[in-house]
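Quick note on labels: first sequence line is chain A, next is B, and so on, each numbered from 1. This is a predicted model, so every value here is computed, not measured.
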Amino acid sequence: MPNRTADSDQRIVQDWLGDGYKAIFRRRLLRWYRSNRRDLPWRTTPDPYRVWISEIMLQQTQVTTVIDYFHRFMSRFPNVRTLANADLDDVLRLWEGLGYYRRARQLHAAAKVIVNEFGGAFPQEVSGWQNLPGVGRYTAGAITSIALNRPAPILEGNTIRLFARLLGLEADVRSTRGQRILWSFSEELVDGPEPSKFNQAVMELGSLVCRDRQPQCTACPAWPACRAFSSGNQTRIPVSSYKVVYEKVCEAAIIATRGGKVLMRQCQPGERWTGLWDFPRFPWLDHEPERQLASSLEQLSGLRVALTPDSFSLRHAVTRFRIELRCFRGEVVGGRLATRTAFRWVSLAELPKLPLSATGRRIANHFLRAHGLEFD
DNA sequence: AACACGGGGAC
DNA sequence: GTCCCAGTGTT
């Protein structure tokens with residue numbers, strides 16, 4: 001018997017709606033939102049540009065992390081034309097430390113599309129937004145509802161959790177079926193007046209009250225409409241089979257200098273931090289002798305370096321990797337930089353302008369501090 | 001359906 | 001340590 005049919009999906013949503021929960025939920029939610037909404041910088045005006053930038057930055061990134069980046073970005077690129085005309089490196093430099101750098105490239109590319117193909121006018125509907133690079137189903141719905149006040153559904157971390165609990169959803173929220181049910185629910189809910197306020201309110205409730213750990217059910221305005229709460233399942237829902245396996249890796253970086261310049265390398269396509277700059281970096285197996293590192297660098301760059309004994313270590317977590325990074329200093333003693341490599345000599349004055357990987361920036365700061373230089 | 005993509009917050 | 005965060009795009 002097909003248990004997983006569109007019919008049974010619909011029944012979960014329809015049962016909830018059939019119990020008259022929608023009107024109760026809506027009224028209590030919006031009243032709660034009026035007195036509990038946070039003042040966030042992208043909520044000052046419904047400007048599609050500001051909402052768009054904020055939504056891209058907020059992808060997989062917490063609100064508190066985004067706020068400073070958003071201010072800096074808006075003051076440097078106040079509108080879509082300044083963004084479209086900017087150098088990609090300047091956009092990346094502002095994105096430095098935020099992660100998921102593809103977002104910055106796609107944002108820049110999308111700004112060019114909007115200016116060059118749409119004459120600077122933003123799309124007015126979900127499909128138009130979703131055709132832009134970096135804008136998926138969630139972001140298209142968010143911009144269309146929040147900035148244009150159109151009844152477009154959204155589904156992201158906060159609403160997945162809130163909706164799954166409201167419905168008492170037992171299915172894995174990441175599965176195709178779970179996603180189908182939740183999107184359908186979101187579409188039913190947003191169909192009404194004030195979709196902009198409504199979508200911001202459900203996200204705010206999910207973030208502040210219907211939290212991942214220790215949901216504040218006794219303070220929740222939606223409790224009368226919540227199936228998880230009524231059955232005591234609020235900590236068991238949402239169900240997710242998510243599992244990460246961490247891996248430790250050892251690497252070594254070389255701060256190679258010649259005169260007043262330092263050797264940097266641009267990360268290539270297929271590597272992590274594609275397009276960003278980093279110090280030459282190698283796997284460091286079995287803590288092999290340092291001369292092996294110098295040899296690796298010579299093979300790749302053509303430069304011979306003498307490593308000095310002073311070194312320092314730093315740890316960095318990236319996706320599922322735990323990197324233990326040993327950083328060495330080296331002076332170039334011979335050879336010449338091979339042509340057509342990803343390497344480049346960079347002056348200390350240029351270093352602050354180059355978009356660097358997170359560890360690259362940490363090493364650069366460490367190095368510059370040791371030379372009595374400060375920046376940023 | 002599973003994976004790559006970054007870095008940091010919260011406990 | 002562990003899980004998650006206003007997800008998207010590719011395989």
Side-chain angles (χ1 to χ4, degrees), chain A residues 37-38 40-43 50-70 92 95-107 109-110 129-147 152-163 172-180 183 186 196 199-208 210-214 235 238 240-248 267 269-276 278 314-323 355-362:
Chain A
R37 73 190 284 273
R38 289 170 290 183
L40 299 172
W42 45 90
R43 284 190 177 152
R50 293 172 69 86
V51 173
W52 171 42
I53 302 300
S54 73
E55 289 301 339
I56 300 295
M57 286 188 168
L58 285 161
Q59 288 170 5
Q60 293 291 286
T61 310
Q62 295 184 180
V63 167
T64 52
T65 304
V66 165
I67 291 176
D68 286 344
Y69 281 90
F70 182 80
L92 285 170
W95 212 267
E96 199 185 274
L98 200 52
Y100 286 146
Y101 299 95
R102 188 174 57 181
R103 291 183 294 177
R105 302 167 190 291
Q106 291 177 318
L107 194 61
W129 278 103
Q130 203 171 342
N131 283 334
L132 292 169
V135 179
R137 189 173 179 186
Y138 161 74
T139 304
I143 300 170
T144 309
S145 60
I146 295 172
I154 55 166
L155 193 64
E156 40 66 73
N158 295 311
T159 41
I160 287 171
R161 195 170 51 248
L162 173 65
F163 294 168
D172 185 331
V173 294
R174 304 165 71 89
S175 68
T176 304
R177 180 169 117 91
Q179 289 285 304
R180 196 166 55 226
W183 273 108
S186 179
S196 174
N199 274 350
Q200 293 182 76
V202 283
M203 287 193 280
E204 198 81 328
L205 185 65
S207 172
L208 300 179
C210 196
R211 303 198 298 229
D212 175 42
R213 278 174 286 196
Q214 293 184 270
T235 55
S240 174
S241 57
Y242 184 70
K243 201 71 182 173
V244 261
V245 180
Y246 293 103
E247 190 179 327
K248 282 181 185 154
C267 301
E271 297 179 336
R272 196 180 305 283
W273 302 306
T274 301
L276 298 194
D278 194 12
L314 52 85
R315 266 181 261 280
H316 184 63
V318 49
T319 316
R320 62 185 194 85
F321 297 101
R322 307 293 189 189
I323 300 174
L356 264 49
S357 70
T359 47
R361 183 59 69 194
R362 284 172 65 185

Evaluate the side-chain proximity of A/Ile154 to A/Tyr138: yes if any heavy-atom separation is below 4.5 Å, no if none is.
yes

Of A/Gly97 and A/Ser175, the one whose nearest nucleotide on DNA chain B sits closer to the 5' end is A/Ser175

Base, sugar-phosphate alone, or nothing: which one does A/Gln106 contact when heavy atoms must sit under 4.0 Å apart?
sugar-phosphate

Of A/Phe321 and A/Arg211, the one whose closest nucleotide on DNA chain B sits nearer the 5' end is A/Phe321

Rounded to the nearest 0.5 Å, what separates atom CD in A/Glu55 from atom CG in A/Leu107?
12.0 Å

Give a yes or no on whether A/Arg315 atom CZ has more than 12 heavy-atom contacts from other residues, nucleotides or ligands under 6.0 Å away.
no

Base C/dT8 paired with A/Arg137 side chain (donor-acceptor, <3.5 Å)
no

Distance check, P atoms only: C/dA6 and B/dC11, in whole angstrom units.
14 Å

With sugar-phosphate meaning primed atoms plus P, OP1 and OP2, does A/Ala358 contact a base, only sugar-phosphate, or nothing at under 4.0 Å between heavy atoms?
sugar-phosphate

How far, in whole Å, is C/dC5 from B/dG6 if one measures between their C1' atoms?
12 Å

Rounded at 0.5 Å granularity, tell me how far CZ in A/Phe163 sits from SG in A/Cys210.
10.0 Å

Between the protein and nucleotides 4-6 of chain C, list every N/O to N/O distance that falls short of 3.5 Å.
| unit_1 | atom_1 | unit_2 | atom_2 | d |
| --- | --- | --- | --- | --- |
| C/dC5 | OP1 | A/Arg161 | NH1 | 2.5 |
| C/dC5 | O2 | A/Gln60 | O | 3.3 |
| C/dA6 | OP2 | A/Asn158 | OD1 | 3.0 |
| C/dA6 | OP2 | A/Asn158 | ND2 | 3.4 |
| C/dA6 | O5' | A/Asn158 | ND2 | 3.1 |
| C/dA6 | O4' | A/Glu156 | OE1 | 2.9 |
| C/dA6 | N7 | A/Glu55 | OE2 | 3.4 |
| C/dA6 | N6 | A/Trp42 | NE1 | 3.3 |
| C/dA6 | N6 | A/Arg43 | NH2 | 3.3 |
| C/dA6 | N3 | A/Asn158 | ND2 | 3.4 |

Tell me whether A/Glu156 contacts the main-chain N or O of A/Thr159 through its side chain, where contact means a donor paired with an acceptor under 3.5 Å.
yes

For A/Leu98, report the nucleic acid contact type (base, sugar-phosphate, nothing); a contact means any heavy atom under 4.0 Å.
base

From the options B/dG6, B/dG7, C/dT8, select the nucleotide whose nearest atom is closest to the side chain of A/Arg103.
B/dG6

Parallel, tilted or perpendicular, judged at 30° and 60°: which one describes the rings of A/Trp42 and A/Phe70?
perpendicular

Nucleotide of B/dG7, C/dG9, B/dC5 approaching A/Arg272 most closely (side-chain heavy atoms):
B/dC5

